[in-house]
A.B. asks: 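Take a look at this one; I'll ask things after.
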2 protein chains.
Amino acid sequence: MQVDEWSPTPVLLTVDLVILTLREGRLCVLLVERGEDPFQGMPALPGGFLGHAGEEILDAAHRELSEETALVAECVHLEQLAVYGATGRDPRGRVVSVAHLAIAPGLPEPVAGTDASDAAWVPVEAVLSGAVELAFDHRRIVTDGVERARTKLEHSALATAFCAELFTITELQQVYEAVWGTELDTRNFYRKVQAVKGFIVPAGPARRTTGGRPARLYRAGPRTVLYPPLIRPAPVTEEPAPSVEEPAPSAQEPAPSAPEQDAKQEGE
Amino acid sequence: MQVDEWSPTPVLLTVDLVILTLREGRLCVLLVERGEDPFQGMPALPGGFLGHAGEEILDAAHRELSEETALVAECVHLEQLAVYGATGRDPRGRVVSVAHLAIAPGLPEPVAGTDASDAAWVPVEAVLSGAVELAFDHRRIVTDGVERARTKLEHSALATAFCAELFTITELQQVYEAVWGTELDTRNFYRKVQAVKGFIVPAGPARRTTGGRPARLYRAGPRTVLYPPLIRPAPVTEEPAPSVEEPAPSAQEPAPSAPEQDAKQEGE
DNA sequence: GGAATAGTGTCTATAAGACAGTATCAA
DNA sequence: TTGATACTGTCTTATAGACACTATTCC
């Protein structure tokens with residue numbers, strides 16, 4: 001960190017947002033259509049350059065978030081995701097993006113932001129599978145954001161950020177099922193979320209009716225780290241079939257799958 | 001992400017490194033003494049500006065890493081940690097730092113880098129407790145890096161990055177104990193690490209002698225995600241004493257502790 | 001044989017997973 | 001009464017935690 005004769009290279013900073021929400025039981029991400037030239041017309045994550053020299057990065061993320069969604073900032077969970085700064089990721093030059101992950105309760109309609117470019121909720125599956133092609137390295141960013149959300153659901157109270165202020169346990173279960181892409185047993189889910197003291201707290205005697213028996217309402221409790229965690233069911237990625245006892249003391253298995261994916265940065 | 005009349009503000013990018021290793025059973029971080037003016041003479045994380053306009057961020061981190069440590073890059077785990085860009089964190093102006101977390105096997109001596117400024121391994125406890133004061137917001141970065149390491153030890157094979165290519169199960173246990181700051185039961189640890197297939201694989205019939213019975217050697221296996229995870233023992237942060245059954249249907253507990261710490265960015 | 005380290009087996013308590021029926025409301 | 005949703009209880013199995021001894025080498 002020493003400043004010598006040579007002057008360090010300045011770069012342009014952008015803030016990009018992976019805004020996740022639940023719509024009709026599906027995990028969706030907010031995409032905007034690019035109106036400008038690099039990747040014009042393609043869907044992309046909402047975001048933009050730092051507003052002015054003195055703007056905090058987190059403030060810029062909040063600003064972009066309220067530009068795209070009509071949400072009060074307090075209701076939305078927002079955290080830094082990662083930095084994407086590979087050379088060549090932006091044809092305009094060296095542009096480094098600080099990606100953020102935002103979790104919002106189900107928003108009523110695909111809101112159009114202040115810019116005329118239309119915004120739309122797209123199921124993340126369409127992005128992850130490649131069916132929808134995104135500008136820049138935004139598909140990688142979405143992938144990382146979804147993975148972050150899936151992991152944090154296990155160990156933190158992040159799931160409540162997908163819900164309104166008051167919610168039912170069934171709604172909370174639907175959050176887990178949608179984000180993880182699995183089905184959970186209702187009885188075991190009830191047992192587990194209620195075993196974590198401070199995760200959800202009953203919100204008065206209020207109830208709500210949807211046709212059947214009214215559901216008890218809860219709100220997010222003070223506990224933000226979940227212990228014990230809600231472990232996500234194992235993906236069916238075990239060895240094909242354990243033949244007898246040990247396959248062989250081969251000391252070097254052929255790496256069945258499980259790719260390392262630590263260093264971000266690449267993508268586009 | 002649109003470019004209009006106003007030109008976006010360029011910022012200076014630095015790369016800072018939290019390099020962790022084990023020395024004498026203690027988790028240590030590499031600190032250098034600053035030779036230049038901002039915070040001159042204070043200990044700080046190794047790091048520096050992006051070398052040239054086209055340098056990849058991860059490459060810059062690797063470059064800084066090999067400048068400070070005499071390690072071949074292949075042996076060292078390196079991943080992006082977070083971005084720290086708060087205004088005012090650097091008195092020279094708007095400097096945004098991409099912090100990285102590096103895990104290295106026990107290095108022989110406090111190596112001095114290419115710059116004459118001396119480098120030293122410092123127990124992380126001294127940094128976390130505030131006994132050692134760091135330049136910039138580097139204490140916050142160390143805190144985040146250590147927490148990242150502690151968490152990743154549960155779910156990934158990161159612990160093997162603290163070990164040499166060949167290691168014993170006892171050494172691996174010492175890694176967990178040092179990073180988590182807890183003691184683990186030897187028998188349960190043996191059972192658990194061997195239950196995760198592909199985590200560690202026996203490295204031939206080779207053995208090694210240290211005075212007692214020779215220990216079997218292992219090397220890191222292909223598995224990078226640990227399932228089931230090695231859950232870290234619960235910190236003794238439970239409620240004081242569950243009185244009878246339920247404290248009271250008060251619907252709003254007084255938030256016993258557990259501070260939220262999601263958004264980084266602040267610190268200094 | 002003694003010192004030093006490596007490695008293992010069992011029992012118990014708790015958590016997880018599978019499973020089906022009752023409760024409460026509206027129409 | 002029916003339909004629709006909310007909620008619960010038990011049994012079985014797996015995992016976690018506590019615990020003490022045997023094994024192998026060097027001196």
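Chain letters run A, B, ... following the sequence lines, proteins first, then strands; residues in each count from 1.
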A.B. asks: If the threshold is 4.0 Å, N to carboxylate O, is there a salt bridge linking B:E125 and B:R26?
C.D. replies: no
A.B. asks: Taking the minimum atom-to-atom distance to the side chain of B:K192, which one of C:dC25, C:dC19, D:dG17 wins?
C.D. replies: D:dG17
A.B. asks: Roughly how many Å is it from CD in A:Q194 to C1' in D:dG9, rounded to a whole number?
C.D. replies: 13 Å
A.B. asks: Okay, side chain of B:E183, backbone of B:E177: is any donor-acceptor separation there less than 3.5 Å?
C.D. replies: no
A.B. asks: Could you state the atom-to-atom distance from CD of B:E183 to P of D:dG17 in whole Å?
C.D. replies: 15 Å
A.B. asks: What I want to check is whether the side chains of B:T151 and B:E147 have a donor and an acceptor closer together than 3.5 Å.
C.D. replies: yes
A.B. asks: How would you label the contact of B:T170 with the nucleic acid (heavy atoms, under 4.0 Å): base, sugar-phosphate, or nothing?
C.D. replies: sugar-phosphate
A.B. asks: Is it true that A:Q174 and A:T170 share a donor-acceptor pair across their side chains at a distance under 3.5 Å?
C.D. replies: no
A.B. asks: Under 4.0 Å from OP1 or OP2 of C:dT8: is there any side-chain N or O of B:Y190 that close?
C.D. replies: no
A.B. asks: Can you find a pair of side-chain heavy atoms, one from B:L184 and one from B:P233, that are under 4.5 Å apart?
C.D. replies: yes
A.B. asks: B:D185 CG to C:dC11 C1': how many Å, rounded?
C.D. replies: 14 Å
A.B. asks: Just the rounded figure in Å: distance from C1' of C:dA23 to CD1 of A:I169.
C.D. replies: 15 Å
A.B. asks: What nucleotide, of C:dC25, D:dC19, D:dT8, holds the atom closest to the side chain of B:N188?
C.D. replies: D:dC19
A.B. asks: Would you indicate which nucleotide in D:dA6, C:dA20, C:dA18 comes nearest to any side-chain atom of A:R191?
C.D. replies: C:dA18
A.B. asks: Quick one: which of D:dA23, D:dC7, C:dA16 gets closest to the side chain of A:A215?
C.D. replies: D:dC7
A.B. asks: Looking at B:R216, does any N or O in its side chain come under 4.0 Å of the phosphate oxygens OP1/OP2 on C:dT8?
C.D. replies: yes
A.B. asks: Picking from C:dT5, D:dC19, C:dA16, which would you name as closest to the side chain of B:R213?
C.D. replies: C:dT5
A.B. asks: For DNA chain D, whose closest nucleotide is more 5', that of A:G212 or that of B:I231?
C.D. replies: A:G212
A.B. asks: Please report, rounded to the nearest Å, how far the C1' atom of D:dT5 is from the CG atom of A:L172.
C.D. replies: 17 Å
A.B. asks: Could you check how far CZ of A:F167 sits from C1' of D:dA6, rounded to whole Å?
C.D. replies: 16 Å
A.B. asks: To the nearest Å, how far apart are A:R187 CZ and D:dT12 C1'?
C.D. replies: 14 Å
A.B. asks: Over how many whole Å does the gap from A:Q174 atom CD to D:dT5 atom P extend?
C.D. replies: 10 Å
